[in-house]
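Since the structure comes first, as structure tokens, the remarks are kept for the end.
All chains are named by letter (A, B, ...) in the order of the sequence lines, taking the proteins before the strands, and each is independently numbered beginning at 1.
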Amino acid sequence: MLSLKSKYRTHTCGELNAANVGETVTLSGWVHRKRDHGSLLFVDLRDNYGVTQIVFDGGNEALEKVHPESVIQITGTVVARDADQVNDKITTGEIEIQAKEWRVLTASAPLPFQVFGDDDISEELRYKYRFLDLRREKLHKTILIRNKMMKWLRDKMWELGFSEFQTPILTADSPEGARCFLVPSRLHHGKFYALPQAPQMFKQLLQVSGFDRYFQIAPCFRDEDLRSDRLLEFYQLDLEMSFVDQRDVQAVGEAIMPDLVRAFAPDANVYPEIPHISFDDAMLKYGSDKPDLRNPILISDVSEIFRGSDFGIFANAVENGSVVRAVPAPNTADKPRSWFDKLGEYATKELELGGLGYIVFAEEAKGPVAKKLDAERIAKLREIAGDNSSLFFICDEEEKAAKAAGKLRNKLGADLGLVNPRDFAFCWVDNFPFFEPDEDRGGAPKFTHNPFSYPVIDSIEELSTRDPFTIKAAQFDMVLNGLEICSGGLRNYNPEIMKKCFDIAGYPIEAVEKNFSALYTAFQYGAPPHGGCAFGIDRLVSEITGFGDSVRDTVAFPANQRGQDLLMGSPNEVTEQQLRDVHIKIRAKN
RNA sequence: GGGGUGUUAGCUCAGCUGGUUUAGAGCGUCUGCCUGUCACGCAGAAGGUCGAGGGUUCGAGCCCCUUACAUCCCGCCA
């Protein structure tokens with residue numbers, strides 16, 4: 001490594017220890033904290049590498065006036081601390097510097113918020129003074145971990161035999177999916193570039209170009225509303241491979257992800273197995289296409305138990321095509337009535353359900369639902385719930401019931417403390433349906449995932465003969481602790497199959513040729529079967545570091561939830577001349 | 001586009017059912033004291049258009065309406 005020594009310092013603030021006692025050293029850094037004892041003054045000096053305590057003997061009025069976060073340089077002697085004065089919270093805690101000389105390199109004004117400590121500060125203020133926020137210990141560390149993870153991932157991909165590519169940032173709008181950010185063209189009147197939602201078409205073109213194994217840590221842009229887990233611009237570890245089957249692509253994820261967690265969260269308990277769960281199973285048992293496997297609760301379908309029962313609401317609903325899903329809550333039989341009432345309120349307000357029925361399985365099965373059911377039905381339900389537990393029922397149209405049950409499962413897992421945050425459970429969700437009904441087009445089929453997916457079929461004839469809704473996609477997600485961290489699949493590289501799929505989804509062949517012309521044309525000239533996936537880096541950093549709930553805390557300069565950068569002032573207005581250059585006139589607001 | 005929550009000192013917050021002179025606390029800032037602190041301590045001071053506007057009331061930080069901003073969620077993000 002390059003020496004960190006310079007005219008400003010002989011050492012960093014994180015490296016001196018008992019072995020350096022007696023040396024004369026020069027340090028530069030930020031005034032982290034001052035403790036003024038009159039004729040004795042302590043300064044904690046901080047830089048990227050750590051904190052060192054500096055001691056000033058005798059009165060020092062000039063230094064007393066220096067604000068925290070000023071940058072100073074000090075020269076002094078390393079002295080050992082007495083045993084009872086050692087500070088084991090810092091790496092340099094065995095020693096301190098007896099200051100001889102010091103000077104202010106740059107002074108700091110009084111701060112809008114403290115860098116020292118871990119006070120909660122509003123995001124607005126933090127983003128406005130992001131350079132100060134980034135000095136704060138936790139965020140500073142997270143950003144450094146992110147750096148290391150990027151290198152780790154990059155090294156790993158090279159090790160696995162992938163080649164690294166760059167693809168255009170100024171590209172063309174793609175018609176599917178999210179809105180693209182648009183960039184006006186000066187040279188081409190009335191035309192626009194678009195920022196890539198992902199380098200999807202480029203990476204497929206690189207496969208057609210014969211590069212075999214592609215990867216890139218790629219910035220992605222989607223002009224959609226933000227959430228705490230969605231960034232304005234985010235990064236994916238994007239990869240694509242030729243001559244592979246689905247399991248070959250997944251093998252890459254299995255080779256990378258568990259080791260990544262182990263490398264950056266040493267206290268993590270990584271589950272040894274990465275199970276494959278079908279989409280249908282995930283929706284039934286976990287009520288989600290991204291199940292958190294750390295939560296032991298499993299959802300059951302109990303429609304048949306309620307069919308024909310005296311519990312009229314459910315029995316009638318089941319006759320009319322609804323389903324009943326049961327969510328067990330272990331060891332809750334002794335919970336007070338208020339606990340159940342609160343969950344009922346959650347169900348009606350958050351889950352927008354009509355209500356939340358439940359049975360408590362103590363010695364007897366208790367609750368209003370239980371009274372309406374005969375002994376045989378109760379026995380079946382008790383088997384699902386287990387003794388000393390309660391069982392919640394959600395009755396609705398299938399998809400809504402499944403999702404609501406999934407949310408209840410997550411809430412119960414969290415409320416009952418069933419999920420250990422240092423556990424890391426991966427799984428694959430696969431066998432996604434290829435088409436789903438499009439409500440806007442009277443239930444006609446539309447693509448469920450992206451239109452580049454390959455259908456799971458044995459012959460092209462099946463596309464004409466089978467009910468489209470029974471066709472599965474060679475498409476999968478990797479899920480970590482209930483977060484979708486990767487999505488991928490095999491690509492539709494065959495122009496005939498591609499045409500047929502678009503036809504089923506209601507696109508004329510001209511639309512394929514127009515909207516996907518690059519790929520469609522490329523596929524006319526010999527395309528290798530290929531597939532790939534992309535990992536969401538920001539979410540991975542967030543989950544592995546366990547820092548905060550917001551993925552924004554994994555990025556040095558994030559935009560706020562409204563997509564603004566409060567420090568740089570983006571987005572901002574431009575001059576009339578700049579608008580004229582790109583042939584744009586601002587319309588009145590609708 | 002819709003919904004929840006919030007907006008009181010530089011920061012983080014408290015402020016009860018509308019009525020105690022001058023709206024409080026901790027941190028920060030400023031002044032003074034302090035030789036072993038490491039969240040130093042002690043004493044004191046400054047600092048407020050209670051987001052903005054309107055209304056109800058004898059009386060509003062508190063109730064109502066409008067509005068701005070923030071944050072979280074739904075829609076959206078294949």
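Between Arg35(A) and rC40(B) there is a side-chain N or O to OP1 or OP2 distance below 4.0 Å. Listed pair Lys34(A) / rC38(B) fails the phosphate criterion, with no side-chain N or O lying under 4.0 Å from OP1 or OP2.
Within 6.0 Å of the OH atom in Tyr193(A), the count of heavy atoms belonging to other residues, nucleotides or ligands does not exceed 12. Surrounding CG of Asn572(A) are more than 12 heavy atoms belonging to other residues, nucleotides or ligands, all under 6.0 Å away. More than 12 heavy atoms of other residues, nucleotides or ligands sit less than 6.0 Å from atom CD of Glu513(A). When the shell of 6.0 Å around NZ of Lys128(A) is examined, it contains 12 or fewer heavy atoms from other residues, nucleotides or ligands.
Spacing between atom CZ of Phe56(A) and atom C1' of rU37(B) amounts to 14 Å, rounded to whole angstrom units. One atom, CG of Asp120(A), and another, P of rA14(B), lie 12 Å apart when rounded to the nearest Å. Ile121(A) has its CD1 atom 15 Å from the P atom of rC27(B), to the nearest Å. rC11(B) atom P lies 15 Å from atom CG of Asp133(A), rounded to whole Å. Separating the CD atom of Glu96(A) from the C1' atom of rG36(B) is a distance of 8 Å, rounded to the nearest angstrom. For the pair Ile54(A) CD1 and rU37(B) C1', the computed distance is 14 Å after rounding to whole Å. Atom CG in Leu125(A) sits about 13 Å away from atom P in rA9(B), given to the nearest Å. Put simply, CG on Leu132(A) is 13 Å from C1' on rG10(B), counting in whole angstrom units.
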Dot-bracket for RNA chain B, 5' to 3', with Watson-Crick and G-U pairs under 3.5 Å, [ ] for crossing pairs and | for other-strand pairs: what is it? (((((((..((((.....[....)))).(((((.......))))).....(((((..]....))))))))))))....
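Using a 4.0 Å cut-off between charged side-chain N and carboxylate O, Arg230(A) and Glu224(A) make no salt bridge. A salt bridge does not link Lys65(A) with Glu61(A): none of the charged nitrogens is closer than 4.0 Å to a carboxylate oxygen. Comment: Asp119(A) does not engage Arg136(A) in a salt bridge, judged by the lack of any side-chain N to carboxylate O separation of less than 4.0 angstrom.
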Side chain to side chain contact (heavy atoms under 4.5 Å, CB included), that's the test. Do Leu408(A) and Leu343(A) meet it? Break it down for me. CA-CA 9 Å; Leu408(A) 182 63; Leu343(A) 281 169; 4.1 Å; yes
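Atom name C1', nucleotides rG32(B) and rG53(B): the rounded distance is 45 Å, in whole Å. Across rU49(B) and rG41(B), the matching C1' atoms stand 37 Å from one another, rounded to whole Å. Spacing between rA70(B) and rG28(B) at atom P, rounded to whole Å, works out to 30 Å. Nucleotides rC65(B) and rA60(B), compared at atom C1', are 15 Å apart to the nearest Å. With both ends at atom P, the span from rG6(B) to rC63(B) equals 10 Å, rounded to whole Å. Rounded to a whole angstrom, the distance from the C1' atom of rA46(B) to that of rA9(B) is 11 Å. With both ends at atom P, the span from rU31(B) to rG24(B) equals 25 Å, rounded to whole Å. For the P atoms, the distance linking rU7(B) with rA14(B) amounts to 7 Å, nearest Å.
For Val86(A) against Arg81(A), the heavy-atom pair with the smallest separation is CA-CD, 4.1 Å. Of all heavy-atom pairs spanning Ala522(A) and Leu205(A), the tightest one is CB-CD2, 3.6 Å.
Two rings, from Phe452(A) and Phe516(A), have their centers less than 6.0 Å apart.
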For every nucleotide of nucleotides 69-77 of chain B, 5' to 3': is a protein heavy atom under 4.0 Å from its base (B), only from its sugar-phosphate (S), or from neither (-)? SSSBSBBBB
Protein proximity profile, nucleotides 28-34 of chain B - base contact B, sugar-phosphate-only contact S, no contact -, cut-off 4.0 Å on heavy atoms: SSSS--B
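Where stacking is scored as ring centres under 5.5 Å apart with planes under 30°, Phe113(A) does not register as stacked on the base of rC11(B).
Ser487(A) comes within 4.0 angstrom of nothing in the nucleic acid, heavy atoms only.
Between the side chains of Glu123(A) and Asn560(A), no donor N or O sits under 3.5 Å from an acceptor N or O. For Asn494(A) and Tyr454(A), the side-chain atoms include no donor-acceptor pair closer than 3.5 Å.
Residues Pro112(A) and Ile90(A) both approach RNA chain B. Their nearest nucleotides, taken by heavy-atom distance, put Pro112(A) toward the 5′ side. Between Lys89(A) and Ala198(A), the residue whose closest nucleotide on RNA chain B is further toward the 5' end is Lys89(A).
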